[in-house]
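Worksheet: the structure to be examined is printed underneath.
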Amino acid sequence: MASLSVEDLFCPVCCDIYKDPVFLSCTHSLCKECLQKFWKIKRTQECPICRRRSSRDKPPRNLVLKNLCDSFLKERSECEEICSLHREKLKLFCLDDKQPVCLVCRDSEKHTNHTFLPICEVVPSFKEELNTTLESLQEKLKHTENIKGEFDKAVQHIKTQAEHTEHQIKEEFKKLHEFLRFEEEATITSLRVEEEQKSQMMKKKLEEMNTHISALLHTIKHMEEMMKSNDDVSFLKNFNVTMERAQISQPDPQMTSGALIHVPHYLGNLTFRVWKKMQDIVHKTPVILDPNTANPFLILSDDLTSVRLSMNIQPIPDNPERFNCYTCVLGSEGFNSGTHCWDVDVKDNKLWIIGVTTASNQRKGDDFFNTDVWSVQYNEFGLFSLYINNPSTVFHVTQYLERVRVHLDYDGGKVSFSDPVTNTHLHTFTHTFTHTLLPFFWSYNNLKILPVKLMVTENHSSD
């Protein structure tokens, strides 16, 4: 290519870049198609340039020239965006086919009735569209990176949750183990005390029996000696005294009733009796809070029965179940049938909302109280109503309460609220429930769900 100029790459007949060039014996090169047309018209096989007659009907291909032309066309196409079909510069944009075309393409049959615009007019709108898409993707990337951050936070939180939960499990079982060890030691101590008492009693009886046996042996020996004596006078003198001594009868020793260990007292229904005693340390709370729903400003107790407000946000994931607007937390188990009741201690709380909501109720944003909520609210400040003004979902109480009782009759379609201290009814909502309901709590200070008293009953039925 260094020894040739660009003009050397153009066919002298068609004045265009060589297409499949052939090599004549006169050293001139032409497009194969151009040469055949020339020969057909002239009816002679002469060179169009020097008129020298060619000795071959099919001149050989000039592969070197062809490769040079192909390289040139490729370079020009890359630099000038040349139409691959017509070797013309791309100046127009076909709006129907969505692709750049040249002037020859515009007039071709392939683009009949198509609409064209100059490329310079189309590019700005396309760049604007691309920029909009780019901004959208950048926002999506930013959002995805934020979500990834939440995922990373969730992974760490899962580890923390597992470690804390394992610690609490061990603590609870430690209490049970200590209780069982105490009961075991107390039961064995009681057994040892009875063993000692009854062993001492039996030892005393044995001492009495030994004394009695010793007296009998002494009398028997004395009588045996009298029987062997040859002194008849002495024998007769001691006979009456000896007989009186032998006839002084002492009662035969008897095994005292209840002398043995009262084994059933220790082994009979042992596990049941221990289980009954466990009522003093075992508590059942009808509602357990779900920490995965708690607003980041809420702190739950280790046993998940109480909640308090923190001044600092907790570093926890913003998972779908969690409230991010209201300082709410939900119960961990839902209800879709039957009756359920739980008491909440609110004596240390100046602002609270207690009730039930559907499990499907949204928890993000501030529309939580608009629908599917049945609750009572107390506001000691009286300045605002927590932005909740829907009387169909929240009933406002004005009197100070120490406790609130929630009674849900799912099948009967009722949610009732009362004061268990004074046994005063507060309000009842009626509704036909069709979705799973969850207890929910909004807290400004402290709330605690109270445990229920466990009663062990024995059923003597033979069934």
Side-chain angles (χ1 to χ4, degrees), residues 161-162 164-184 186 269-294 298-308 321 328-349 352-357 359 374-376 401-412 414-421 423 433 436-443 446-461:
Q161 276 186 313
H164 179 73
T165 303
E166 180 179 347
H167 174 73
Q168 290 305 119
I169 291 172
K170 290 181 178 179
E171 287 297 314
E172 291 301 315
F173 273 98
K174 181 180 178 181
K175 294 177 184 177
L176 293 176
H177 294 159
E178 289 176 352
F179 172 82
L180 291 174
R181 279 194 295 269
F182 175 81
E183 286 298 316
E184 177 187 6
N269 294 320
L270 175 60
T271 54
F272 176 76
R273 288 185 288 107
V274 173
W275 177 57
K276 287 182 67 176
K277 288 184 179 181
M278 289 181 70
Q279 292 179 82
D280 296 333
I281 65 167
V282 174
H283 304 285
K284 182 182 186 301
T285 306
V287 172
I288 299 298
L289 302 176
D290 183 357
N292 293 337
T293 67
L298 294 179
I299 298 178
L300 273 58
S301 60
D302 289 336
D303 62 359
L304 306 179
T305 62
S306 64
V307 58
R308 63 183 176 87
E321 302 89 348
C328 292
V329 62
L330 298 177
S332 60
E333 294 186 12
F335 308 120
N336 51 28
S337 64
T339 59
H340 310 272
C341 183
W342 57 95
D343 289 356
V344 186
D345 186 333
V346 294
K347 64 178 179 292
D348 296 326
N349 206 321
W352 50 261
I353 304 177
I354 297 170
V356 296
T357 184
W374 301 269
S375 60
V376 293
L401 300 173
E402 292 186 2
R403 296 183 181 182
V404 176
R405 175 168 294 168
V406 184
H407 187 274
L408 169 64
D409 181 359
Y410 188 98
D411 301 319
K414 292 182 179 181
V415 183
S416 298
F417 301 90
S418 61
D419 177 2
V421 177
N423 198 27
F433 302 118
T436 299
L437 298 180
L438 289 169
F440 91 91
F441 309 86
W442 189 102
S443 177
N446 300 322
L447 287 177
K448 180 174 178 58
I449 305 164
L450 299 175
V452 295
K453 186 176 182 180
L454 297 177
M455 299 292 293
V456 179
T457 60
E458 300 179 32
N459 184 2
H460 297 283
S461 173

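The chain is numbered in sequence order, starting from 1.
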Checklist line | Heavy-atom closest contact (Cys341 atom, His407 atom, distance) | finding: CB-CD2, 4.0 Å

Checklist line | Rounded distance (nearest 0.5 Å) linking atom CD1 of Ile299 with atom CG of Asp302 | finding: 11.0 Å

Check: Step by step, would you call Val274 with Phe179 a side-chain contact (heavy atoms from CB on, under 4.5 Å)?
Finding: CA-CA 9 Å; Val274 173; Phe179 172 82; 3.8 Å; yes

Note to self: For Leu289, run the side chain to side chain contact (heavy atoms under 4.5 Å, CB included) check against Leu300, Asp303, Leu298 and tell me which one passes.
What the structure shows: Leu300

Margin query: If we ignore hydrogens and angles and just use 3.5 Å, is the side chain of Asp411 paired with the main-chain N or O of Gly338 as donor and acceptor?
Written below: yes

Note to self: As a test of understanding, state which of Tyr410, Phe433, Phe417 forms a ring pair (Phe, Tyr, Trp, His ring centres under 6.0 Å) with Trp374.
What the structure shows: Phe433

Check: What distance separates Phe272 CZ from Trp275 CH2, expressed to the nearest 0.5 Å?
Finding: 6.0 Å

Item checked: Pair Glu166 + Lys170: basic N to acidic O under 4.0 Å -> yes

Checklist line | Rounded distance [0.5 Å steps], CG in Asp348 versus NZ in Lys448 | finding: 11.5 Å

Checklist line | Test item: Ser375 and Ile354 side chains (from C-beta on) under 4.5 Å apart, heavy atoms | finding: no

Margin query: Tell me whether Glu172 contacts the main-chain N or O of Ile169 through its side chain, where contact means a donor paired with an acceptor under 3.5 Å.
Written below: no

Item checked: Heavy-atom side-chain proximity of Asn292 to Gln161 below 4.5 angstrom -> yes

Note to self: So Ile281 and Leu176, do their side chains get closer than 4.5 Å, heavy atoms only?
What the structure shows: yes

Check: Counting heavy atoms not belonging to Glu333, are there more than 12 under 6.0 Å from its CD?
Finding: no

Next item on the list: State the CH2-CG distance between Trp352 and Leu401, to the nearest 0.5 angstrom.
Entry: 5.0 Å

Margin query: Let me confirm one number: the NE2-CD distance from His177 to Glu184, rounded to the nearest 0.5 Å.
Written below: 12.0 Å

Next item on the list: Using the test salt bridge (Lys or Arg N to Asp or Glu O under 4.0 Å), find all partners of Glu183 that sit at least two apart in sequence or belong to another chain.
Entry: Lys277

Notebook entry, point to check: For the side chain of Ser332 and the backbone of Ile288, is there at least one donor-acceptor N/O pair under 3.5 Å apart?
Noted result: yes

Margin query: Any side-chain to backbone donor/acceptor pair from Asn349 onto Asn446? Under 3.5 Å, distance only.
Written below: yes

Check: Roughly how far, to the nearest 0.5 Å, is the NZ atom of Lys175 from the CE atom of Met278?
Finding: 12.0 Å

Next item on the list: Find out whether Leu447 and Val346 are in side-chain contact, i.e. whether some heavy atom of one side chain is under 4.5 Å from a heavy atom of the other.
Entry: yes

Item checked: Arg403/Leu450 under side-chain contact (heavy atoms from CB on, under 4.5 Å): CA gap, chis, key distance, verdict -> CA-CA 9 Å; Arg403 296 183 181 182; Leu450 299 175; 3.3 Å; yes

Notebook entry, point to check: Just by modelled atom types, is the Leu330 backbone N or O under 3.5 Å from a matching donor or acceptor in the Thr293 side chain?
Noted result: yes

Checklist line | Check: Asp345 main-chain N/O paired with Asp343 side-chain donor or acceptor under 3.5 Å | finding: no

Margin query: I'd like to know if the side chain of Thr436 and the backbone of Ala359 have a donor-acceptor N/O pair within less than 3.5 Å.
Written below: no

Note to self: To check you understand the geometry: which heavy-atom pair defines the closest contact between Pro286 and Trp342, and what is its length?
What the structure shows: CG-CB, 3.6 Å

